[in-house]
Amino acid sequence: MAKSNLSYLTNPIVDDNPVTLQMLGICSALAVTTSLSTALTMSIALIGVLTASSGTISLIRNHIPTSIRLVIQITIIASLVIVADQFLKAFAYEMSLRLSVFVGLIVTNCLVLARAESFAMHNRVIPSLFDALGNGLGYSLILLLVATVRELLGAGSLFGMPVLPLTSDGGWFEPLGFMLLAPSAFFIIGLLIWAIRSRRHNQVEVNEFPLILPYQDKPHD
Amino acid sequence: MASSPLSLWRRFLVLPNDTLSKTLGIALLVALVSATTVSVTSVVLKPRQDENVAIAREAKLAAMIAALPGLADILRETGAETLDTEIIDLETGDFLHDINMGSFDFITAQTDPDQSTVMSPEEDVAGIGRRPNQALVYLVMGTDDLELVILPVYGAGYQSTIRAYLALKGDLNTIAGISIYEQGETPGLGTRITDPAWLDTWSGKQIRNTSDEVVITVVRGSSNNINEVDGITGATRSTTGVANLVKFWMGEKGYGPFLKRLREAGN
């Protein structure tokens, strides 16, 4: 039992990563990764909300009527998101201003609802907590990786601390403005997926709808 | 025995999940617990959040003052370390020296029925409903003249109350700067009213025309004269909100009487 709990925790980190394999939570991965500090805050908020919501939903899973289960899940998730947002506003005000609406948008992060619906509804509390934590960590790993690349190349700093000397301060590094724009996150995530799948071939998806050119259908026409 | 609360609870739990009473009961319970959690967190954390907003407001004021051209020199020349803060009566425009600065809370005064006056719809250009009877003003004196007056202003935007500081030059007609420190407009659209580039376009504009009427306004496209500020595409209601609150607070129901007194004192 202990071993399988551990696998719930470690599996989503690389093998079944929510962002690179399940393709969930891409929206916030684009929005908050211009700097490491916002990505880290977002990760912590998401892990908190995901773990608490999965735990709560798993706790009451046997009493949730199927007809209103999505409503109940979203109500719980939304309340937890508001709580997380209020905490940020009280204890990290500057950060909450920088994250603006994106903490509130955790509620629409497919990752949270996906874990509630596909895992917490059918599993006991402890495995659900591990699964939520694992998925949260997997999401955070990608966020932090993307943020590291973007902040380093886009602003020459990490956590706001200068790392590469900028030309504007007499150094040699010319920051890449492109890295601060949302599309750069697409490229970085794309490269990450490519890197992971070239190492782990089992993650490569089967082409369900291969393109068949007309002349291949009737070669002797 | 059958009707003790605990056994009732047990009977509720063993009901099949898809019966109407269980569905309604669970929905009610989840809503109740969620609402309580949200309310308790919000109430408990409110003082801390207000503190943060107050600190941010002070910082914005300090930053705006620091960013106004030449102000650092004025402060150095006069040796004034801080601003001269005064409480005024908005109706008469008089200074009220007998009110203790520490006990006056401008934010509370805005909604407290004892400390505010209802504005009629015609008067209420800024959409604030009630206007406080007293207000805070910050004065910066130069070597022999008044250099700058900083006035806290607020009014309704598209979906939130916009709060700002408006700085007027010594002639009490030219805007030295405006700084919005609190708003909750649509992210990405209305929030562009806090864009420093747009706020900079207010500097140097004049509030009154030659016949002494408050005419400052925000226009679509590009401004043609000294009383017009360019609007922001996609943020029409928010920019109009800013223009309206400036109009209101510069008018007879706002700081008008106070500014008139200052002008007379200056002459």
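Just so we're on the same page: letters track the sequence lines, and every chain starts at 1. All values reported here derive from a predicted model rather than from experimental measurement.
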*If every non-hydrogen atom of B:S42 is compared with every non-hydrogen atom of A:Q86, which pair is closest and at what distance?*
CA-OE1, 4.0 Å

*Search all heavy atoms of A:A90 against all heavy atoms of B:N52 and return the closest pair with its distance.*
O-ND2, 2.9 Å

_A:D85 side, atom CG; B:T41 side, atom OG1 - distance, nearest 0.5 Å_ = 11.0 Å

*Worked check of side-chain contact (heavy atoms from CB on, under 4.5 Å) between B:D18 and A:T66*: CA-CA 7 Å; B:D18 284 325; A:T66 32; 3.2 Å; yes

*What part of A:I64 is in contact with chain B, defined as an atom under 4.5 angstrom from a non-hydrogen atom: side chain, backbone, both or neither?*
backbone

*Kindly check if the number of other-residue, nucleotide or ligand heavy atoms within 6.0 Å of CD (A:E94) is above 12?*
no

*asked:* Would you compute the distance between atom CD1 of A:I82 and atom OG1 of B:T37 and round it to the nearest 0.5 angstrom?
replied: 10.0 Å

*Counting only heavy atoms not in A:F186, do more than 12 fall under 6.0 Å of its CZ?*
no

*Specify the closest pair of heavy atoms between A:I72 and B:V30, including all atoms of both residues, with the distance to one decimal.*
CG2-CG2, 4.0 Å

*Roughly how far, to the nearest 0.5 Å, is OG of B:S34 from CD1 of A:I74?*
11.5 Å

*Interatomic spacing from CD1 in A:I60 to CG in B:L29 - rounded to 0.5 Å*: 9.0 Å

*Where do B:V53 and A:Y93 come nearest, in terms of heavy atoms and distance?*
CG2-OH, 3.6 Å

_Pairwise distance NE2(A:H63) to CG(B:L15) - rounded to 0.5 angstrom_ = 10.5 Å

*Starting at CG of A:N62, measure out to CG of B:L13 and round the result to the nearest 0.5 Å.*
10.5 Å

_Check this for me: B:F106, atom CZ, are more than 12 non-hydrogen atoms of other residues, nucleotides or ligands nearer than 6.0 Å?_
yes

_B:Y158 atom OH, over 12 foreign heavy atoms within 6.0 Å_ = no

